[in-house]
Protein chains: 2
Amino acid sequence: MSLAYEFRTNAPSAAIMSANIGDIGDLLRRTGVPMNFGKDEEVYGQDEEADLVYRVIDGAVRTTRVLSDGRRQIGDFYLKGDIFGLETGPRHRFSAEAVRNSQILVVKASALKSAGADLERLDHMTTRRELDRALEHVLLLGRKTAHERVASFLLDLVHKAKAPIIDLPMGRQDIADYLGLTIETVSRMLSLLQSNRIVSFCATRQFRVINLDGLMDLAEQG
Amino acid sequence: MSLAYEFRTNAPSAAIMSANIGDIGDLLRRTGVPMNFGKDEEVYGQDEEADLVYRVIDGAVRTTRVLSDGRRQIGDFYLKGDIFGLETGPRHRFSAEAVRNSQILVVKASALKSAGADLERLDHMTTRRELDRALEHVLLLGRKTAHERVASFLLDLVHKAKAPIIDLPMGRQDIADYLGLTIETVSRMLSLLQSNRIVSFCATRQFRVINLDGLMDLAEQG
DNA sequence: CGCTTTATTGAGGGCGGTCAAAGAGCGTGG
DNA sequence: CCACGCTCTTTGACCGCCCTCAATAAAGCG
């Protein structure tokens, strides 16, 4: 167990964290194997043992859970650079699939550990981040309108991307299953946001923000 | 040693975990201070620093988040024996309030650590458990009907309680805000479950299960 | 008991779902 | 380069689940 681990850091520990993640990222690259996954291909299944760590090199991944009658819920999306698969305990609660053709770095957790990585710390940080996002997701699904959900979703992508033009790696059905809506409602809300001059779609899966304040207001971040 | 407060877990590695938690629980009792909170009294606020650990001695606690216009979402409930406040990172994302008059053990995390507790492990396990529950909550809010949500909620209580007659520590409004519904819909679904001979309410806040298989079917656990 | 809070039940409305069809995007092959 | 076929997306019309509003009933609590 690493003595370097601190339970509660008072200062915003972004610098420390990114430094650690940088090291881990380097280690991941050296220890892991890059693999290619085709669109909709499964990375891991629900209830599978979770002894691998994954990092998106290129593409996008979704975690999903399906009810017996086919209703599907997406837990989260993972984009380039994101680490996943480490966050759900000994067994996966959701399965993971490639949203589109993707390259993913696959690392054995045990190998990482023996290579000297502070896996526990990485795991802890990742889990915490997942929990934060899951709770935000709960608020969105429990109490936001369709309009607000779609606005929140786009705003989240904006924060991740930090570029003027933002790509949507996933289709409308995936967005719907993330937001607890139907594909038609998502489409309608996107059209509405566009006609209200909040965002502008240059292509079906590419947009830019016209009115950021308006988007933030609609997202109702609480 | 009297294990008056058992840590609740559905996780696979229950034996290992409860052994560790048993030790921690003992340490908590010796290091912590029991405090009384009145109904609806705040235990901690949103965005407050999180350097305390809490354990419900008696009563019940809810975590809540409120949108600017008053819409409220409850993150989770914590009942007798449950540990909370440790799960949301350096700052709380939700605030915590007593559902009804409650006695809560309050422990300084730093004190726990210097007393030799494996706080890291406790923190990690708690966070992981929270994430599991949050993801289940996401599925419920995103893809289940009102009928299924209420059934899932009751089933969850049944699993926690393991007693023939189960108490509801919270009112209908709290249930509604947990399930992303209105108080009227919750009330209607409870009436429906009762007229379908799935459960039976001996009092407004006390029920027993008549048809467990039926309840599980309705809960659509995926 | 009487007062307040909480829960139930009913009637009606609206947001988002369902069903359907047309349009756009896109790779493949002529 | 366009035609073709497939998938994905958009848009429209209608419907139903759940919300809203309202009134009553029950439960706490002094």
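Just so it is clear, the model here is predicted, and its values are computed rather than measured. Just so it is clear: chains get the letters A, B, ... in the order the sequence lines come, proteins before strands, and each one is counted from 1.
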### Task
Scan residues 144-154 of chain B against DNA chain D and write down, sorted by residue number, each residue with any heavy atom closer than 4.0 Å; if none is found, say none.
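B:T145, B:A146, in order of number.
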Are any of the side-chain heavy atoms of [X] and [Y] separated by less than 4.5 Å?
X      : Y      : value
A:S200 : A:Q194 : yes
A:R72  : A:D174 : yes
B:L181 : B:V150 : yes

#### Entry: Listed partners of A:A161 passing side chain to side chain contact (heavy atoms under 4.5 Å, CB included), at least two apart
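Partners of A:A161 by the side chain to side chain contact (heavy atoms under 4.5 Å, CB included) criterion, ordered by chain and then number, come out as A:I166.
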### Task
Go through the structure and list residues passing side chain to side chain contact (heavy atoms under 4.5 Å, CB included) with A:Q221, not counting sequence neighbours.
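With sequence neighbours excluded, A:Q221 shows a side chain to side chain contact (heavy atoms under 4.5 Å, CB included) to A:E136, A:K144, A:S152, A:L155, A:A219, given in chain and number order.
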Rounded to the nearest angstrom, tell me the gap between atom [atom1] in [X] and atom [atom2] in [N].
X      : N      : atom1 : atom2 : value
B:R143 : D:dC17 : CZ    : C1'   : 15 Å
A:M170 : D:dT9  : CE    : C1'   : 16 Å
A:D174 : D:dT7  : CG    : C1'   : 14 Å
A:D177 : D:dT9  : CG    : P     : 12 Å

[X] side-chain N/O to [Y] backbone N/O, donor-acceptor pair under 3.5 Å:
X     : Y      : value
A:R65 : A:G75  : no
B:R55 : B:G81  : yes
A:D58 : A:S102 : no

Looking at [Y] and [X], is there a salt bridge between them, counting it only when a charged N and a carboxylate O are closer than 4.0 Å?
X      : Y      : answer
B:R62  : B:D177 : no
B:R30  : B:D26  : yes
B:E220 : A:R71  : yes

### Query
A:R205 near the nucleic acid: base, sugar-phosphate alone, or nothing, with a heavy-atom cut-off under 4.0 Å?
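The answer is sugar-phosphate, as A:R205 gets under 4.0 Å only of primed atoms, P, OP1 or OP2.
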### Query
Quick one: how far along DNA chain C does chain A reach, first to last nucleotide 5' to 3', anything under 4.0 Å to a heavy atom?
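The protein-touched segment is C:dG16 to C:dG25.
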### Query
Do any of residues 66-76 of chain B sit with a heavy atom less than 4.0 Å from DNA chain C, and if so which?
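Contacts with DNA chain C under 4.0 Å: none.
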#### Entry: B:S95/B:E42 under side chain to side chain donor-acceptor pair (under 3.5 Å): CA gap, chis, key distance, verdict
CA-CA 7 Å; B:S95 65; B:E42 187 177 84; 4.6 Å; no
Could you write out each protein N or O paired with an N or O of nucleotides 10-15 of chain D at a distance under 3.5 Å?
| from | atom 1 | to | atom 2 | distance (Å) |
| --- | --- | --- | --- | --- |
| D:dT10 | OP1 | A:R172 | NH2 | 3.0 |
| D:dT10 | OP2 | A:R172 | NE | 2.8 |
| D:dT10 | OP2 | A:S187 | OG | 2.7 |
| D:dT10 | O5' | A:S187 | OG | 3.0 |
| D:dT11 | OP2 | A:S191 | OG | 2.5 |
| D:dG12 | N7 | A:R188 | NH1 | 3.1 |

### Task
Return yes when atom NZ of A:K80 has more than 12 non-hydrogen atoms of other residues, nucleotides or ligands closer than 6.0 Å, and no otherwise.
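No, the 6.0 Å shell around NZ holds no more than 12 heavy atoms from other groups.
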